[in-house]
Amino acid sequence: MFIISEISTGEISTKSLFFGFIFGIGFNVHFSFKTVQDYLEQLNDAQRAPVLQKDGAMIVIAGAGSGKTRVLTYRIAYLMDQGVDAFNILALTFTNKAAREMKKRIAQIVGNSEAKNLWMGTFHSVFAKILRFEADKLGYPNNFTIYDTQDSQSVIRAVIKEMNLDKDVYKYKQVYSRISSYKNSLITVKAYFGNPELQEADAMAKMPRLGDIYKSYCDKCFKAGAMDFDDLLLKTNELLTRFPEVLAKYQNRFRYILVDEYQDTNHSQYLIVRALSDRFQNICVVGDDAQSIYAFRGANINNILNFQKDYDNVNVYRLEQNYRSTKNIVSAANSIIEKNKTRLEKVVWTANDEGAKIKVNRTMTDGDEGRFVASNIFETAMNNQSGYGDFAVLYRTNAQSRAIEDALRKKDIPYRIYGGLSFYQRKEIKDVIAYLRLILNPKDEEALKRVINYPARGIGQTTMERLTVAANHYGRSMFEVIKALDKIGGNLKINSGTKNKLQNFTTMIESFQVLNQTYNAFEIAEHVTKKTGLVTELKKDGTPEGIARIENIEELLNGMRDFVEEQKELADTSGSLAEFLEDVALATDLDNDKGDEDRVALMTVHLAKGLEFPYVYIVGMEEELFPSGMSMNTRAELEEERRLFYVALTRAEKQAYLTYTQSRYRWGKLIDAEPSRFIEEIDESFLEYLTPVTEQRYKPLIDADIFEDVDRSKLRLRKPTSGTPPKGPTEEQLRKLRRLKPVTSSTNKNFNAKDANLSEGTWVEHVRFGKGKIMKIEGVGADTKAEINFENGGLKKLLLRFAKLNVLE
DNA sequence: TGTGTTATCAACCCT
DNA sequence: TGATAACACA
């Protein structure tokens with residue numbers, strides 16, 4: 001027992017010896033070997049306290065960068081050290097990636113073989129697993145398909161069409177999001193029809209048939225043996241409420257529950273946690289109300305705000321020391337979040353260096369903005385000898401990535417875009433996946449519709465419609481109808497040629513099913529891509545796009561091979577197709593990240609939650625964009641945008657940049673923009689303006705960049721269509737540009753109302769509000785405000801140095 | 001039935 | 001602008 005002799009710490013439980021033993025053998029025989037106690041010493045007092053409270057309910061309010069992941073990992077390790085069986089611990093995280101990383105870290109402390117037994121993952125993946133096990137109780141097959149958003153929306157579109165409803169009134173995306181929010185609030189179809197208020201609300205929104213759509217949608221999913229994302233939570237709730245013995249089983253199993261990012265849980269998730277923790281009440285939730293950014297998809301910030309009321313004797317812990325960022329960044333972020341009214345008391349501070357001020361930069365166009373970011377990254381990387389992996393560009397919407405990408409590419413700076421159209425959403429990938437889905441669940445109508453005639457097999461629209469009718473009539477899936485064509489074919493008007501084609505298809509799928517019993521995911525997929533003719537089809541195509549698609553399929557296959565290899569190392573899994581598909585269905589964009597590339601990261605602020613980078617560029621700091629124009633109607637919405645900005649800013653370790661432009665292409669049009677109010681909200685002492693607000697850089701009315709951008713957009717056209725003459729700015733754009741030459745400088749600090757020819761009684765025109773008369777001017781310099789009565793917008797008070805006004809003669 | 005072109009429509013954040 | 005549905009045509 002040479003290992004034990006190395007241990008110098010006084011009190012060690014046998015368990016930690018045991019874990020240490022495994023750890024020592026498994027990882028490093030020469031080791032500097034550590035015990036759980038050693039790790040505890042790495043925590044500060046505030047972090048250690050929640051780790052050491054073994055039982056009971058507790059909430060850890062963790063400021064940005066305060067080491068909450070450490071607390072969670074060490075708490076789990078400590079529980080195991082105290083004799084809690086890994087099988088009895090459930091840890092729910094926000095992303096799969098977070099779960100994987102945490103598991104890895106725990107394995108380093110307690111040993112791989114024990115960590116493996118932890119239940120750790122996102123709500124969706126953990127309960128998908130449980131549902132697979134218990135599906136029959138709810139009438140679902142245990143090989144149920146998980147529909148993604150596209151699948152769900154496609155079903156809804158079909159329902160709307162079937163019911164002969166006006167698709168302009170019943171917009172499928174809107175319908176989907178309404179249904180989704182019902183599900184997240186646990187309003188089932190039955191509950192919906194039992195609640196006149198809801199029906200009335202939908203009627204008011206001109207969608208009186210919403211309930212019927214909802215019902216039909218659920219029926220279709222059920223028949224297809226499919227659950228959508230929201231079902232994974234809704235059905236779990238159903239399972240736990242309807243079957244007390246099942247509830248008891250999982251309560252007994254998950255004696256210790258930990259929930260990360262608790263501020264972003266929705267009602268459905270909240271109830272699951274409540275139910276599971278009800279018996280033992282060993283519940284630890286971690287979160288930061290200041291970082292709650294998912295209200296738009298049903299997250300309820302009240303879950304964290306009210307946690308103390310939900311359990312007896314809740315201990316509240318606060319992590320307030322930030323280890324990530326400079327004093328400047330922390331203080332700036334604090335000055336922002338203070339503006340929010342609904343929040344828990346907490347003071348984030350740091351012992352780190354003062355650091356550089358946050359740099360604010362203004363440009364003329366979004367193209368300029370991209371070029372600024374690119375050259376700044378280039379210079380900073382050179383000057384500080386940093387790798388490109390130290391940089392992140394964060395934006396509010398995916399559409400903004402384009403200008404940044406263009407600029408980075410021109411400078412040959414390597415980058416990686418996260419999110420957007422993810423790998424698994426590409427057509428060719430979805431096609432392969434659809435075949436694989438059909439193998440496991442032939443009732444999966446969305447998958448069937450997708451591939452039954454791709455590659456072309458001569459099965460057309462008419463045939464499909466006839467099959468749909470028959471499927472509805474017999475209450476069977478299309479696959480089953482095809483199988484039974486010989487018996488019912490007569491009434492279907494499907495000729496024998498078509499019948500043959502259909503049956504060839506089902507026979508092919510069935511042959512795959514047979515193979516699936518002996519081969520792993522990778523082998524099946526390779527066989528499928530060959531046998532179905534998918535690759536042959538793409539090879540025929542021959543275009544660069546077609547070749548890229550083949551490469552993507554190859555990448556998918558490589559990914560599957562890796563997956564199978566990885567699963568082999570874990571004893572309890574086999575790398576089966578079923579396991580792979582579940583992974584894919586619930587994968588997020590971050591999950592594909594290997595993290596080993598030295599590239600600039602481009603992503604939305606939402607995606608950046610939980611990450612950190614030395615240098616962060618927050619671009620598009622403009623009104624209507626950040627804060628988003630769609631989220632400025634209520635105080636709650638605006639506060640969420642502010643929290644989002646808080647999240648963005650607190651990603652930065654050393655240096656943050658805020659950039660905005662004066663005009664930007666949006667929706668294909670050049671529109672003008674004003675700087676975001678969030679820049680103003682930061683205490684000025686933390687900011688440094690790179691484009692001094694006093695300096696008036698002369699810009700010609702028609703900026704060269706504008707032409708450049710217009711020209712580039714033309715170059716992007718794949719096929720230069722014949723004869724269309726090159727277009728400069730349209731007459732309308734020119735008119736707008738002329739009109740918009742601001743009378744009041746957009747950033748002039750020494751603004752003087754007289755110089756701008758503004759006085760009480762002057763008639764002016766505003767870009768958005770139109771014509772109006774100045775009623776009153778108040779304040780001096782940068783703070784000069786005017787009260788203007790707009791003909792269409794009513795009385796508004798505008799800060800003149802930002803308002804773009806035109807004097808009307 | 002398949003293909004190429006035109007018209008229309010939507011446009012954030014995401015498991 | 002770009003994605004996709006609808007449409008015209010071979």
Side-chain angles (χ1 to χ4, degrees), chain A residues 92-98 121-128 146-150 152-154 157 161 167-168 171-174 176-177 180 183-184 227-233 261 264-266 268-269 292-299 394-402 418-422 424-425 427 453-464 497-498 501 584-591 603-609 620 624-632 637 640-641 643-645 647-648 665-671 709-710 712-714 716-719 721-722:
Chain A
L92 297 164
T93 58
F94 197 70
T95 62
N96 293 309
K97 192 184 174 210
T122 61
F123 274 91
H124 288 88
S125 62
V126 166
F127 295 113
I146 298 172
Y147 272 175
D148 67 13
T149 307
Q150 269 183 45
S152 301
Q153 290 182 346
S154 152
R157 211 161 11 188
K161 207 167 184 177
K167 69 177 167 49
D168 296 326
K171 299 190 170 163
Y172 67 96
K173 282 187 185 173
Q174 250 177 47
Y176 171 73
S177 94
S180 170
K183 287 188 173 181
N184 283 329
M227 293 198 196
D228 65 18
F229 287 136
D230 306 315
D231 282 334
L232 296 178
L233 306 175
E261 307 279 13
D264 282 325
T265 50
N266 64 32
S268 201
Q269 292 166 325
S292 162
I293 54 174
Y294 282 100
F296 73 93
R297 65 165 213 230
L394 307 182
Y395 34 78
R396 179 66 178 80
T397 69
N398 276 310
Q400 289 165 257
S401 71
R402 192 87 163 256
Y418 296 79
L421 191 68
S422 85
Y424 292 113
Q425 281 167 9
K427 186 190 175 299
N453 198 33
Y454 184 83
R457 300 191 175 85
I459 301 168
Q461 210 181 340
T462 328
T463 310
M464 287 304 284
T498 313
K501 291 170 187 165
V584 167
L586 299 173
T588 58
D589 301 312
L590 282 173
D591 289 327
M603 64 181 88
T604 61
V605 181
H606 281 89
L607 226 51
K609 187 171 78 160
E624 305 275 319
L625 184 59
F626 200 0
S628 154
M630 292 159 120
S631 309
M632 300 204 296
E637 283 176 342
E640 173 146 320
E641 291 287 313
R643 289 193 295 268
L644 192 56
F645 180 53
V647 168
Y665 273 100
R666 269 183 100 181
W667 315 311
K669 284 199 194 111
L670 189 67
I671 61 144
D709 275 343
V710 170
R712 194 140 25 82
S713 75
K714 195 148 43 58
R716 255 184 240 117
L717 289 174
R718 293 249 165 72
K719 290 173 214 148
T721 37
S722 61

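The chains referred to below are lettered A, B, ... by the order of the sequence lines, with proteins before strands, and numbering in each begins at 1.
- Annotation: A:Lys161, atom NZ; neighbour count of heavy atoms from other residues, nucleotides and ligands within 6.0 Å does not exceed 12.
- A donor-acceptor pair under 3.5 Å is formed between the side chain of A:Arg643 and the backbone N or O of A:Ser292.
- Atom pair A:Glu261:CD and B:dC14:P shows a separation of 14 Å (rounding to whole Å applied).
- Here the side chain of A:Asp228 pairs no donor or acceptor atom with the backbone of A:Asp148 at under 3.5 angstrom.
- Atom OH in A:Tyr147 sits roughly 21 Å away from atom P in B:dT15 (whole-Å rounding).
- Taking both residues in full, the closest heavy atoms of A:Phe229 and A:Ala585 are given as CE2-O, 3.6 Å, listed atom of the first, atom of the second, then distance.
- Taking a centre distance below 5.5 Å and an interplanar angle below 30 degrees as the stacking criterion, A:Phe296 stacks against the six-membered base ring of B:dC13.
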Expected rows: protein N/O vs nucleotides 7-12 of chain B N/O, under 3.5 Å:
residue	atom	partner	partner atom	Å
B:dC12	O2	A:Arg396	NH1	3.1
B:dC12	O2	A:Arg396	NH2	2.8

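- With hydrogens and angles ignored, the 3.5 Å screen pairs no side-chain donor or acceptor of A:Glu641 with any backbone N or O of A:Ser631.
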Under 3.5 Å between N/O atoms: give me all the protein pairs with nucleotides 8-10 of chain C, atom names plus distance.
none

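- Atom OH in A:Tyr176 sits about 9 Å away from atom C1' in B:dC14, given to the nearest Å.
- Atoms CG (A:Asp230) and P (B:dC14) sit 16 Å apart, rounded to a whole Å.
- One finds no side-chain N or O of A:Arg157 lying less than 4.0 angstrom from the OP1 or OP2 phosphate oxygen of C:dT4.
- One donor-acceptor pair, N or O on each side, does fall under 3.5 Å between the base of B:dT15 and the side chain of A:Thr149.
- If you measure from atom CE of A:Met227 to atom C1' of B:dT15, you get 15 Å, rounded to the nearest angstrom.
- Where A:Thr498 and A:Arg297 meet DNA chain B, the nucleotide closest to each residue was compared, and A:Thr498 sits on the side nearer the 5' end.
- Using a 4.0 Å heavy-atom cutoff across all strands shown, A:Phe94 reaches no nucleic acid atom at all.
- The P atoms of B:dC13 and C:dT4 are separated by 15 Å, rounded to the nearest whole Å.
- Proximity of a side-chain donor or acceptor of A:Asp264 to a complementary backbone N or O of A:Ile293 within less than 3.5 Å is detected.
- Contact of the A:Glu261 side chain with the A:Thr93 side chain is not registered, since no non-hydrogen atoms from C-beta on lie closer than 4.5 Å.
- Remark: P of C:dT1 and CG of A:Leu670 are 12 Å apart, rounded to the nearest angstrom.
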Could you go over nucleotides 2-4 of chain B and give all protein N or O partners under 3.5 Å, atom names and distances?
residue	atom	partner	partner atom	Å
B:dG2	OP1	A:Gly458	N	3.4
B:dG2	OP2	A:Asn453	ND2	3.4

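- Contact annotation: the side chain of A:Leu232 never approaches that of A:Phe127 to less than 4.5 Å [non-hydrogen atoms, C-beta and beyond].
- Although no hydrogens or angles enter the test, the distance criterion places no donor-acceptor pair under 3.5 Å between the side chain of A:Gln153 and the main chain of A:Gln150.
- With a 4.5 Å cut-off on side-chain heavy atoms, A:Phe626 and A:Leu644 count as touching.
- Rounding to whole angstrom units, CZ of residue A:Phe645 and C1' of B:dC13 are separated by 17 Å.
- Rounded to an integer number of Å, the gap from A:Lys609 NZ to B:dC13 P is 16 Å.
- The nucleotide whose nearest atom lies closest to any side-chain atom of A:Leu607 is, among B:dC13, B:dT1, B:dC14, B:dC14.
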